[in-house]
Amino acid sequence: MAMRSGAAAVSTVLAVAAVPGTTFAEAPAPGTEGAELQEVIVTARKHAESLEQTPISVTAITAEDMQRSGVNSLVDVAQRTPGLEYGNYGDLKLSPTSLRGITSSSGSAGADPAVGYYVDEIYEGQGAGANLDLFDTERVEVLRGPQGTLFGRNTIGGVINITTRRPTDTLEAALSADFGNYNSRRYGASVSGPIVADSVLGKVSFIKDQRDGYEYNTYLNNKVNNHDTSSVRGQLLFKFPAKSELLLTAEYSDASQHPLVFESNGYNMQAITPQLLVANGYPLNMDPFDRNVISNIVTRETLSSATFGATFKADLGGVNVTNIASYHQHSYFSKDDTCRCQLKIAYDGDPEKVYRGSDELRFDGKAGAIDWLAGVYFFHQNSANQSFVELGSDLAAIFGDPSLTGLVTGSNGKLTTSSQAGFGSLTWNINPRLDFTLGGRYTRDKKDINYTQVDPIALLGGNANITAGDSWSEFTPNANIRFRFSPQVLGYLTANKGFKSGGYNDALGDANGIAFGPETLWNYEAGLKAVLLDRRLIANLALFDMEWKQIQITTQNPNVSFYDPIILNAGAAHSRGAELELSARPTERLLIGLNGSVQQARYDEGTLPDGTPLVRIPFAPSYTAAVNAEYRVPAGELGDVALYGEYLRRGGMFLSTNNDQDGYVDSFGLLNLRLSLESRSHRWRAALWGKNLSNTVYKERLFDLYANPLVGQKFLVLGNPRTYGLEVKFSFQ
């Protein structure tokens with residue numbers, strides 16, 4: 001009801017603004033002088049333009065927004081973005097991203113994600129290869145709906161487009177430190193400036209982020225599920241004559257932490273492990289929400305990742321040319337306790353190695369009333385997904401053969417992916433009020449797999465050696481109409497298609513059904529954007545309807561009794577809803593924000609292999625809502641004091657494709673506060689902050705091994721508990 005009332009109010013305001021002769025350019029009310037919302041420039045359509053003139057649904061979080069609210073991770077971005085859900089699993093590889101109910105089934109580099117991550121226009125994929133910290137970031141743009149024309153095949157749900165800070169013309173430096181509970185420590189530093197005056201600029205940034213675990217291992221008497229990552233980025237910007245430049249970027253990231261120790265959410269007493277635990281007098285983990293967990297080993301997760309990019313831009317006399325070349329590689333390793341118990345039953349892991357390169361060459365310009373863009377894109381990736389299960393000594397004793405201790409069932413899915421695409425877009429500016437955009441992209445993907453599995457005791461379907469290959473081609477068009485009711489209000493209609501290619505299950509399991517087919521989606525959207533009351537109020541409203549078929553879902557392979565999650569195609573579905581974003585600055589001191597979404601994401605047909613009907617799409621909350629406010633007051637010679645508060649709410653959703661009630665997340669809300677003091681010169685800032693101050697407990701993941709005859713448990717990952725701390729930052733220029 002509140003969402004309907006808000007939408008109706010916005011519609012009324014927009015209707016008034018659209019009436020010819022109506023204006024809001026009157027003298028500002030007393031106390032509102034200087035109260036103006038800043039314009040935000042985005043590159044969602046591959047060129048710089050005002051967010052309020054961009055005829056697609058985009059949430060933009062600027063560096064100022066991130067500083068104001070304490071955003072530094074993708075989890076933070078998702079909690080503040082309508083319709084965006086990020087599965088905060090605590091590991092670097094398996095956390096899924098869902099946008100408008102479109103969820104990735106990707107669990108390795110061999111499968112394509114549904115939401116593409118881009119950093120400075122370079123594709124970063126998802127999972128371990130997209131270990132993204134938002135340090136030294138200029139802006140995060142969340143583009144909702146398929147972006148197949150301009151971004152390509154991995155964007156059937158949308159794009160998270162991250163733009164980092166560029167090297168500066170003058171010498172600048174910054175140092176920051178953040179300390180909090182759970183022994184959290186976050187250190188950052190950057191230095192930027194000219195190397196050769198007006199010709200070569202450089203920048204180096206560094207971040208180190210650590211904290212102790214949120215959970216306590218009662219068996220080993222230690223904290224688990226900690227966080228320990230670091231990243232360093234170097235940039236060189238060469239400025240040439242004739243408005244041309246070359247930006248070289250190198251980034252290295254690493255991680256070494258102890259995640260993947262889960263809460264137990266129910267035991268199947270017909271399974272071997274629960275029976276052995278009871279027989280040996282070990283206590284069961286009966287409270288799934290007390291943050292006390294069990295594991296008989298120190299779990300391990302490591303990552304080493306490097307990305308190199310070269311972006312060249314030039315103006316060739318009215319035609320702009322851009323070439324973006326990149327190379328990325330990473331090596332990932334994990335090992336955890338399969339049973340999450342006191343007994344040495346089994347251990348598993350999902351190591352992977354990935355090497356990929358890409359190049360995009362595009363041209364854009366203007367010919368009379370036509371704005372045009374055209375380009376080609378090339379992508380090549382080699383990945384090796386090396387999953388394993390290792391038997392423990394207690395399980396070997398059950399088999400009556402101690403020599404089985406340490407026996408490994410392992411697979412190596414070597415996958416080669418190549419993709420070529422050509423794309424173009426034309427915008428016809430019919431008159432100052434009306435323009436029409438038509439674009440399209442033709443993509444051809446090819447994948448070849450060499451899959452081997454060594455399974456000496458037929459634990460996961462037996463030995464396998466498979467070589468296969470396939471290719472898929474798709475044309476993804478886009479049509480958009482933008483109409484300016486007035487200089488302050490525009491409306492748009494859009495229809496576009498998204499595509500995600502087929503692929504191969506490259507992890508452990510039964511080799512039957514290793515291949516799966518492509519997935520396609522159509523999105524239809526209408527929106528209104530308005531800048532009102534002398535830029536003191538900005539309102540964006542979007543209505544969408546998405547239909548897709550041959551959905552790629554992840555489910556348990558019925559041919560394997562142990563554990564074998566596979567990707568397969570099943571049925572058709574729809575996602576429909578509305579999104580609203582409001583920003584207001586009633587006075588110079590007060591800033592207010594409100595956003596929300598309502599959506600219905602459901603399957604129209606299809607069943608799981610065990611016959612379970614597909615009903616609700618997982619990781620698709622029925623609604624999202626966020627309200628925030630900041631009030632700033634002068635503090636004399638010290639500077640300005642700012643109090644920022646926000647309440648973030650999510651509606652109910654499921655965490656699994658089969659809609660298991662144990663994986664249902666009830667509606668919940670998070671309260672965050674931040675009190676900061678900033679000098680008048682902006683050279684230093686100190687902030688006290690708290691997140692989830694009500695210490696709300698909510699579920700992030702359901703990992704179902706209940707029917708597994710060995711493990712017999714369901715596992716839960718919980719959201720972050722109450723955290724708080726102190727942040728200080730110094731800037732020099």
Side-chain angles (χ1 to χ4, degrees), residues 38-55 58 60 62-63 118-123 136-139 141 143 149-151 159 161-172 190-205 233-251 307-327 358-378 422-429 432 435 437 439 733:
Q38 297 299 310
E39 183 180 35
V40 176
I41 302 299
V42 298
T43 55
R45 298 198 300 164
K46 298 292 186 178
H47 63 267
E49 61 184 337
S50 170
L51 173 63
E52 299 311 310
Q53 293 296 316
T54 304
V58 181
T62 66
Y118 286 79
V119 178
D120 294 332
E121 298 192 79
I122 295 173
Y123 173 64
D136 204 38
T137 294
E138 180 67 30
R139 184 178 65 257
E141 303 167 23
L143 288 58
T149 295
L150 295 181
F151 286 89
V159 165
N161 190 30
I162 299 171
T163 301
T164 64
R165 295 181 185 268
R166 288 163 55 94
T168 54
D169 294 309
T170 58
L171 181 62
E172 297 181 3
S190 67
V191 60
S192 176
I195 298 174
V196 178
D198 301 322
S199 297
V200 183
L201 312 178
K203 185 168 191 175
V204 177
S205 304
R233 180 190 302 126
Q235 294 176 309
L236 286 174
L237 177 61
F238 298 88
K239 293 186 173 182
F240 305 118
K243 300 180 181 179
S244 60
E245 64 178 34
L246 173 65
L247 178 65
L248 301 179
T249 302
E251 182 169 348
T307 301
F308 305 91
T311 301
F312 176 76
K313 296 183 177 182
D315 183 347
L316 304 180
V319 176
N320 301 310
V321 59
T322 302
N323 190 82
I324 305 166
S326 72
Y327 174 77
S358 67
D359 189 88
E360 177 174 298
L361 174 64
R362 67 175 186 262
F363 301 87
D364 67 89
K366 187 175 181 65
I370 302 294
D371 296 324
W372 61 271
L373 178 149
V376 292
Y377 180 77
F378 302 93
F423 58 93
S425 179
L426 297 174
T427 298
W428 177 23
N429 300 289
D435 60 57
T437 298
Q733 53 184 332

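Just so it is clear, the structure is predicted and the values come from calculations on it, not from any experiment.
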[atom1]/[X] to [atom2]/[Y] distance, rounded to the nearest 0.5 angstrom?
X	Y	atom1	atom2	result
E138	T163	CD	OG1	8.0 Å
L51	I41	CG	CD1	9.0 Å
K313	L246	NZ	CG	11.5 Å
K366	W372	NZ	CH2	12.5 Å
R362	T322	CZ	OG1	4.5 Å
L143	R45	CG	CZ	11.0 Å

Classify the side-chain pair E39/S50 by whether it contains a donor and acceptor separated by less than 3.5 Å.
yes

Would you please say whether a donor-acceptor pair under 3.5 Å links the side chains of T427 and T437?
yes

Taking all atoms of both residues into account, what is the closest heavy-atom pair of A310 and L248, and its distance?
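Shortest heavy-atom contact: CB-CD2, 3.6 Å.
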
So which atom in F308 and which in A250 form the shortest heavy-atom distance, rounded to 0.1 Å?
CD2-CB, 3.8 Å

Show which side-chain atoms of residues 235-244 pair as donor or acceptor with protein atoms under 3.5 Å away, not counting sequence neighbours.
from : atom 1 : to   : atom 2 : distance (Å)
Q235 : NE2    : T164 : OG1    : 3.4
K239 : NZ     : D169 : OD1    : 3.0
S244 : OG     : P241 : O      : 2.8

So, are K203 and D136 salt-bridged, with charged N and O less than 4.0 Å apart?
yes

Taking the ring centre of each residue, are Y377 and F423 less than 6.0 Å apart?
no

Quick one: does any side-chain atom of [X] pair with a main-chain N or O of [Y] as donor and acceptor, under 3.5 Å?
X	Y	result
S192	T168	yes
N429	P432	no
E49	T54	no

For the pair Y118 and V159, evaluate side chain to side chain contact (heavy atoms under 4.5 Å, CB included) and give the outcome as yes or no after the intermediate values.
CA-CA 7 Å; Y118 286 79; V159 165; 3.9 Å; yes

E172: what forms a salt bridge (charged side-chain N to carboxylate O under 4.0 Å, His left out) with it, not counting sequence neighbours?
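Expected list: none.
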
With side chains defined as the heavy atoms from C-beta onward, is the minimum distance between [X] and [Y] less than 4.5 Å?
X	Y	answer
E141	T43	yes
R166	E245	yes
L361	V321	yes

Decide if atom NZ of K46 counts as having more than 12 heavy atoms of other residues, nucleotides or ligands within a radius under 6.0 Å.
yes

